[in-house]
Structures are given as structure tokens and as C-alpha cells.
Amino acid sequence: MIQFIFKSIGQRIVLLFFISIISHAIVHLAPGEPSLVDPSNPRMKAEDIQRIRTAFHLDEPLYAQYVYWMKDLFTAELKSFKDNQPVLEKIWDRFLNSLPLFIVGTLITWFLAFPVGIQAALRRGSVFDKMGTFLSYALISIPGFFLSYICIIFMVKTFNVPVIGMRTFGLENAGLMLRSMDRVWHWTLPAFMSAVAGVAILSRYVRSQMLEVINQDYIRTARAKGLSEDTVIYRHGLRNALLPFITMFGLTIPGLIGGSVIFETIFAWPGMGRLGFEAILARDFPVILTLNFISAVLVLIGTFMSDILYAVVDPRIKI
Amino acid sequence: MNETEDTQSIEGLKPAVSLFEERWNIFKLNHLAYFSFIFLIFLFVLALMGKALTRWFVVFDPQLVRLPEKFLPPLTPFTSEIVSAEYAPMFNIYLLGTDELGRDIFARMLEGTSISLTVGFVAVSISIFLGIFFGGIAGFYGRLKFGFITIDTMIMRFVDIMLCFPTFFLILTVVALLPPSIYNIMIVIGLTSWMGTARFVRAEFLALRELDYVAAARSQAIPEWRIIFIHMVPNAIAPVLVSATIGVATAILTESSLSFLGFGVQPPDATWGNILADGKQFIFDAPWITFIPGFSILFVVLAFNLCGEGLREAFNPRLKEGI
């Protein structure tokens, strides 16, 4: 077990190294430089551009730039091109904004997907099952931003509540009750939107897993023993159907960055996805690269955790 | 091929239904998928017609600006006295209304249909080609050593690396840095989505390469590229076809998201994504500009997804019966 852990950590570090090289190459080889963001600015003269290029080491060969980036990243001295703020601090601030949204979204996903999926499996072929199947396809197919707009119009017109941003300006001195309700309203839509696709996909997986499990012999045995239907389904069936979802859980972690660009842009939520979007617009290479790096780390941590948990939960798997 | 069929029919061994017919019958049983399939064929015809009517002999001009006619709701008849009659829309009616510049949304949607579908299909073709190529090589030549690691390990590690990138963020980065063009979008979407196909093809090839017909082909000294692409790929194509159908749906969605963020196909070309993105500012005054492309995207992507699911069932009937 210890050997397996060390080996997989080692493999992942090698992968991470290649990922960082590739992403660095992609970002630097693509045309468009930080010094060219604002070409129409009359105050930008040729010598200014040259100064920027020297300051950001843009004239040096690629591998030297890579070494600078890596060195600065690991000594935590990496500065953003845009405003000269430390990158890690910037990302941490945004991470703290994204995290609650991600947690609420994940909770909604898992608490909705499991009951729906299990019910659909138990009543296979019923109207509920067919509706669920169709609805989950519809939810996967609808463009997220379009659904968000429909929901924004609906929420604003029906409940007359604010939904854009993290909080309403000018409520700082209001009572605790008012402030927390304001926060909740601002949370509801973004969290639901980021959960929608997850619910649709996960409930299909839960359904097919449950269907596979309830046809097994040990379920028939449990029924034959005269156990109550709830015990059969939830203690004997669900427990075994749960195994693959450990993997799924590990794979949702990187959604923290990638999946949230659009929703954070629409809802003006100052999170990591939006930070990445702004960095792309400003050609802020250190921020783009570091976000990419962090999300790769999150993916690798996710797969690592799911490997380990799998081995811990399922004794049939020997490492 | 013909020879085999002839001998089969002479000896009375010809199967009652061919493999294709059998799959097709299963596919038809899934009404949603069958209906989606017909809808998609209708859509292709529409896209071709749209391309022809907006580009080659112009009946609808999607870029025609009629400022006095802006924000007309759908089904408004053309009655303007300011705009001259030669600029009137087809049939003298704005079927889907007009936008903020008085452009006919029906014409723009027609133009967008072909562009959106092209983006989807070209992107998926690139990804399938790459997937089959890498997956095929990894599966077929897997055991060959290249230095100290096998080719299989090398390619599959590369797939792992590609899978670690946050796809949408990567696409956004590259598309934003490159000069905006529809070709860049197709290529980037294609280059970032081939990993699934490569995995499927490799898995199929690992099983196929042990089969007798591959050994037979080898014994006849057929060149290896022929064995791979002519003999083995058709046998491994089923899961690829399914994931391609769903891939088209994903590509259309990605393109519309990019257009929505302003990095997609640039004006004056119209795609569903940028009609929607333009319309969102007027969502309270002219909701149809947002809703028409939004629901079109929804229906088309849904049709592709359902069709892909139907294909999956047809190729793998156990899914339907067993479970």
C-alpha cells in the first residue's frame, strides 16, 4: 500500500512536470503578448513596450522563461503582469469566493441526483423514469448561459430579489437577518446553475448503477430472507452501487476552475473562473499559467484520492 | 464481398437480416432517437438550403440592415413605407422578427444553422481522426519499445496529460490569444476532445489484434497500415460513432459558449451563439432575439444527444435488455 502511494505520487509529479511544460509552451507560443493588449493607447511608445518586454523577461528564450516562472511560483514571488500583485494571494482570495459556491453546488448535486436516480431505477419504465431520462438529456443539452438568463428573468420578476454579484451594495449596516437573506438570494442561482448539469449526469449514472446492482443474486437472497424492501434497497443495494461514485467525486474537484468561467461571468461572481477570464483578456500569463497548473494539480489530487479511497472501501481491490 | 454473398445465397446461408438492418431495427424501436434522427436530417436539409439561399443565390440577406424596422416581433408582416420594397423579406413577413439593426432573424438563423453544424462536424472529424490514429497506434503497436518505454505507455500518458487540462479554460485561452476565426475554433475544439476516442479505440484494438482475421491478414503480407485502417478500424467503429454523435452536440455547445463570451465567430457572420449573445442586452424588450437561438441550440443539441444514445443502444443491445 505504502509502495503504491509513493509510486502513484511519483507518476503524478512527472505528469505535472510535462503538463506545466506544455501549458507554458501553448500560452507563450500563441500570438498576442501582454505588451500588445492596448495598441491604441497613445502613451505606449516603442521604448515602453521594450521596457515591458524586458521586465517580464519576454525577450529571453522559452526555457529561461519557464525556469523564471517555476522559480517564482515555488518561492511564492510570482507577480501578476497586470497589477504586480502576488499571484498566489490573488488566486487564494478568489478561491475563498469560489469554494462556498462549489460546496453548495456539489451538495445540491449529490442530494438531488441520488434520490432521483434510485427512484428512476426502482420504477424502471414508469412515467417518472421516462420523464427523468428526457429531462436529464434536456438539462445536459441546454446552454448554461441561456438557462441562467431564463432563471434570472424568472427570479427577478417573480420574487423581486437581487441575483447578480455576491452581495448588494449599501447593505453593510443593515441588520444581520437582512444581510444573510441577501447573501442567500445571491447564492441560490449560481449554485443551482452549477449543479444542474451535475444533477443530470449523476442521476443517470446512479440509475444505471442501481439497475445493475438490483439484478444481482445477493439482492434476491436478501429479499428471500424476508428483509424489508427499504433494507434491501438502501443497505444491500445502495452500498454496493456507491462504489463507482468515489471516482466521480474525485473527478468533480477540478470543476472548481474550469466549469465556472461562464457562470461566474454571468453572475459577476468574483471567483477563480472569472479571474482566469480576466487574466486571459489582459494576457496576464503568470495568472493564466498558475491557474492552469493549480487545476492540473486538482485533477491529479482528485484521481489520486479516488484511487486510494477505492482501495480502502472495496476490499476486493488489492494494490 | 459479392462473391461471399453469392455463395451464401446459393447455399442458403444468407442471413435473413443483415447486420446493418438488425441494428437499424433496434434503433427504430427507440422512438425518441428515431424522431431525433429524422429531425437532424431535416436540419441538414435546412442548413444546406440556408447556405444556398443566403450565400449562392441571395434570397435572404442576413446582413441587410433596415434601421426603421428594428425590434419587430415574430410574424410581423412587412408594411413599411420607409424601406423600399426590394429590401422586403421573403414572403413579405418577418417570420422570426428583427433584431436591433432591423436584420431579419430568420435569415440570420438560416445562415447560423450551416455555420454551427459545420463547426460541430469539422471539430468532431478532427477529434475522431486524431483519436483513431493515436488509439490505433497505441493498441496495435503497443508492445513495441521506443527507448525505455513502450509506445502504448507513451501515448496513453500523453492522453492522461491532455485530460488534466481544464478543457473549456484551455480552449478559451487559445481562442482568445489567436486571431479570431472560425477555423481556429474548429481546430482547437477538435484538438482538445480526441482523448475519449483514443481510449475507446485502444481498448477495442487490444482485443481485436488477437483475433484470427488479423492473423490471416498478416499471413497474406498485407501492409500494416492497411490492416489497421481497412480491417480493424471498421470493427472498432461502433463506440467511436456513438461518442462522435455526442461530440457534435458538445462542440456546438462549446462554440455557442465561446460566442457568448465574445470569442466565437465574429460579426457580421451569424451563428446561433452570437445571435443569442447580441440579443441578451435586449432580453426584456425583445425576448425573441434571445429565445429563438437559445431554444434552437437546445433542440439540436438534444437531438444529437438522444440520437447518440439510440445508437449506443443499437450497437450494444445488452444495455436495453439486460439492465
Side-chain angles (χ1 to χ4, degrees), chain A residues 11-12 14-16 18-19 22-23 26-27 29-33 121 124 130 133-134 137-138 140-147 149-150 152-153 157 207-208 211-212 215 254-262 265-266 273 276-277 279-281 283 288-289 291-292 295-300 303, chain B residues 32 36 157-158 160-179 184 188 246 249-250 252-263 272-273 276-277 279-280 283-284 287 290-291 293-295 297-306 308-309 319 322-323:
Chain A
Q11 272 177 351
R12 283 179 169 79
V14 175
L15 272 186
L16 201 59
F18 281 107
I19 290 168
I22 292 177
S23 59
I26 290 176
V27 169
L29 289 178
E33 280 193 353
R124 185 160 68 97
K130 282 180 181 153
T133 310
F134 187 76
Y137 279 115
I140 297 171
S141 307
I142 197 164
F145 51 90
F146 180 55
L147 187 62
Y149 273 101
I150 296 179
I152 290 175
I153 293 179
K157 283 204 167 163
R207 175 179 177 273
S208 66
L211 281 178
E212 198 154 304
N215 284 337
L256 254 174
I257 296 184
S260 54
V261 180
I262 292 217
T265 313
I266 291 177
F277 184 59
I280 291 172
L281 288 182
R283 309 284 192 273
I288 301 176
L289 285 174
L291 271 179
N292 226 321
S295 87
V297 172
L298 289 178
V299 176
L300 293 174
T303 52
Chain B
L32 274 177
S36 312
R157 281 300 93 83
F158 183 58
D160 286 349
I161 290 176
M162 288 299 292
L163 281 173
C164 281
F165 286 111
T167 322
F168 188 71
F169 191 63
L170 183 72
I171 294 176
L172 197 61
T173 312
V174 179
V175 168
L177 295 181
L178 290 175
N184 286 337
V188 171
I246 294 170
T250 321
I252 292 176
L253 270 187
T254 311
E255 187 273 326
S256 70
S257 309
L258 286 174
S259 289
F260 176 79
L261 289 175
F263 293 115
W272 295 344
L276 204 164
K280 68 174 192 280
I283 193 162
F284 287 102
T290 316
F291 280 78
F295 278 110
I297 297 175
L298 167 63
F299 288 136
V300 171
V301 173
L302 184 62
F304 273 110
N305 278 331
L306 289 174
E309 202 50 36
L319 275 184
I323 297 175

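Letters A, B, ... mirror the listed sequences (proteins, then strands); counts begin at 1. Owing to the predicted nature of the structure, the values given are computational and were not obtained by experimental measurement.
Considering CZ of A/Phe134 and CG of B/Leu302, their distance stands at 5.0 Å, rounded to 0.5 Å. The CD1 atom of A/Ile153 lies 7.0 Å from the OG1 atom of B/Thr290; values are rounded to the nearest 0.5 Å. Within the model, atoms CD1 of B/Ile283 and CD1 of A/Ile150 stand 7.5 Å from one another, a figure rounded to the nearest 0.5 Å. Atom CG of B/Leu163 and atom CG of A/Leu300 lie 11.0 Å apart (nearest 0.5 Å). Note: B/Leu172 CG to A/Leu281 CG = 8.0 Å, rounded to the nearest 0.5 Å. The distance from atom CD1 of A/Ile140 to atom CG of B/Leu298, rounded to the nearest 0.5 Å, is 12.0 Å.
For the residue pair B/Leu253 and A/Ser141, the shortest heavy atom distance occurs at CD2-O, 3.7 Å. Contact record, B/Phe169 with A/Ile288: CE2-O, 4.1 Å, taken as the closest heavy-atom pair. A/Pro143 and B/Ser256 get closest at one heavy-atom pair: CB-OG, 4.5 Å.
Note: B/Phe260 and A/Phe145 have parallel aromatic rings, judged against thresholds of 30 and 60 degrees for the angle between ring planes.
Within the 4.5 Å cutoff, the side chain of B/Leu170 has heavy atoms near those of the A/Ile26 side chain. Two residues are said to be in side-chain contact when any heavy atoms from C-beta on lie closer than 4.5 Å; B/Phe158 and A/Ile22 meet this criterion. Counting heavy atoms from C-beta outward, B/Leu32 and A/Tyr137 have side chains that stay 4.5 Å or more apart.
In this structure, no portion of B/Thr167 lies under 4.5 Å from any heavy atom of chain A. A/Leu147 does not touch chain B: none of its heavy atoms, backbone or side chain, sits under 4.5 Å away. At a 4.5 Å heavy-atom cutoff, the contact between A/Ile266 and chain B is made by side-chain atoms alone. No part of A/Thr303 comes within reach of chain B, as not one of its non-hydrogen atoms sits under 4.5 angstrom from that chain. For B/Ala249, no part lies near chain A; criterion is any non-hydrogen pair under 4.5 Å.
Residues satisfying the side-chain contact (heavy atoms from CB on, under 4.5 Å) test with B/Ser259, not counting sequence neighbours, are B/Glu255, B/Thr271, B/Asn274. By the ring-ring contact (aromatic ring centres under 6.0 Å, His included) test, A/Phe146 pairs with B/Phe291, B/Phe295, sequence neighbours left out.
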